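Read through the structure below, which is laid out as structure tokens, and then see the notes.
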Amino acid sequence: MTDPANEKAPEKTECRICGGAVEEFFDFGRQPVSDSFVTPETAGREFYFRLAAGICADCTMVQLIEEVPREQMFHEDYPYRSSQSAVMHRHFEEYAQRLLATELAGEDPFIVEIGSNDGTMLKTVQKAGVRHLGVDPSAQVADFARAEGVRALTAFFQDSTAREIAVADGPADVIFSANTYSHIAYMDSVFSGVDALLADDGVLVIEDRYLGDIMGQNAFDQIYDEHFYLFSVSSVRAMARTFGFELVDAEPLTVHGGSMRYTIARPGRRTPSPAVAEHLQREQERGLASPETFRRFAANVRSGCGELMELLTSLREQGRTVVGYGATAKSATIINYAGIGPELVPFIVDSTPAKQGRLTPGSHIPVRSPEEFSAPYPDYALLFAWNHAEEIMAKEKGFREAGGKWILYVPDVHTA
Ligand code: SAH
Ligand code: TYD
Ligand code: ZN
């Protein structure tokens, strides 16, 4: 197995999963790495690439046309922290408890998490005294996990990493990965690692944003550098097959604006749940892989961005104040594609300490602490963290009470 870091991206647009032809359906143009929050000194030195997405005509996997070198995205300065959302905290705690009662209920169980970040999920496993190992290349977030008592390895999960873990700790009963599997372009190396590490009867569980919800809600900002793949039941089933595994369950989740939890096992080891066939049927009925779906999506992206710019421009002309809420990675797509700068949104508030005091990638909008949101409240707040709308609106209920209005752009541009 070659080191994926040294592999060159293919010249033609060949599917990274099956080698089939990838048909491009949207080009966002030159975009900066989404989580590269810069300082006044490093502003302008962001890594840029062409953000465009396509779908494989053979296996239906939606994927980016250009791959950003992984070291440009995941490094010591990577700021994203899972623990910033109380809803996500609860979500992971509940699932960890479920795993502890089922897959991890045997003798001396072992779980590996790919993309363990600050240990939000593994903390529950650690407290239960169950053997675990988090794998994450971003050193700062892995340090936060270790501070919680979680065992974490600062590394990219790939074939070689998995083999080392298998030798040191033995087979894993569960390999879990939330909102990370889609970030890894080199699936051949990852699946060969899973094959080396997973117990014969073990399961690989992947949670990720669901293509059906992204298309259904026109959530185009879910397309950015880190989201190399956008998964559907159809494409994950094909991917599992390509690498010698079987998709045995698919469970819809409400988190992050609509996600899916996929359970994958070695072929014939588990009885597939009827949910898999049901979702496949539904995806086919709604034409989730059809060119028409992507044409409509492309038209909606253009009209949505146009409407948002009109709204922001007219609010500025009327002398209304607008502040952004949530310096999300996905906001880099809409901000840089639509061309939103500090003249329209003078600052964005965000609870992540590592983002505060920095500037957003490309657009250089300052990021400030949520304490500044109410000092004084703006007239409008543009909710870039729309996937956490319920949690944020509840936390900031004083804003609406003071007459403030939220601006949302998913599923369409509206105020609330
Ligand atoms: N699982 C968490 C974090 C998601 S953010 C959650 O759902 O909230 C994605 C994480 O994947 C980042 O912490 C990033 O450093 C990590 N990551 C990226 N490539 C990886 C790889 N090859 N192996 C393991 N982790 C990876
Ligand atoms: P998120 O939507 O989870 O992910 P991504 O960066 O992948 O698009 O990011 C949510 C951001 O919003 C994160 O930077 C933390 C911030 N946030 C707040 O500022 N306050 C909150 O109450 C919540 C839930 C998130
Ligand atoms: Zn393919």
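Just so it is clear, the model here is predicted, and its values are computed rather than measured. Every number for a ligand or one of its atoms is a count from 1 in the order of the listing.
Considering only non-hydrogen protein atoms, atom 4 (O) of ligand 2 sits nearest to Y80 CE1, 3.4 Å. In terms of protein heavy-atom proximity, atom 7 (O) of ligand 2 is nearest to Y224 OH, 2.9 Å. Shortest contact from atom 20 (N) of ligand 2 to any protein heavy atom: S351 OG, 3.6 Å. Of the protein's non-hydrogen atoms, the one nearest atom 16 (C) of ligand 2 is D350 OD2, 3.2 Å. Protein heavy atom nearest atom 2 (O) of ligand 2, with residue, atom name and distance: K330 NZ, 2.5 Å. The protein heavy atom nearest to atom 22 (O) of ligand 2 is K395 NZ, 2.4 Å. Nearest protein neighbour of atom 6 (O) of ligand 2, counting heavy atoms only, is A329 N, 2.7 Å.
Near ligand 1, heavy-atom contacts under 4.0 Å come from F74, Y78, Y80, S82, F92, E113, I114, G115, N117, V135, D136, P137, S138, F156, F157, A178, N179, T180, H183, I184, Y186.
Using a 4.0 Å cut-off between charged nitrogen and carboxylate oxygen, E103 and R270 count as a salt-bridge pair.
The N/O atoms of S85, backbone and side chain alike, include none that comes under 3.5 Å of an N/O atom in ligand 2.
By the 30° and 60° cut-offs, the orientation of the rings of Y377 relative to F373 is perpendicular. By the 30° and 60° cut-offs, the orientation of the rings of F220 relative to Y409 is tilted. Between F92 and F176, the two ring planes are perpendicular [angle over 60°; tilted spans 30° to 60°].
Protein atoms of type N/O/S that fall under 2.8 Å from the Zn ion (ligand 3) number 4 in this view.
Ligand 2 places these atoms under 4.0 Å from at least one heavy atom of R209: 4 (O), 7 (O). Of all the atoms in ligand 2, the ones that sit under 4.0 Å from a non-hydrogen atom of H388 are 1 (P), 2 (O), 3 (O), 10 (C), 24 (C). Annotation for ligand 2: atoms under 4.0 Å from non-hydrogen atoms of K355 are 13 (C), 14 (O).
No more than 12 heavy-atom neighbours from other residues, nucleotides or ligands sit within 6.0 angstrom of CD on Q284.
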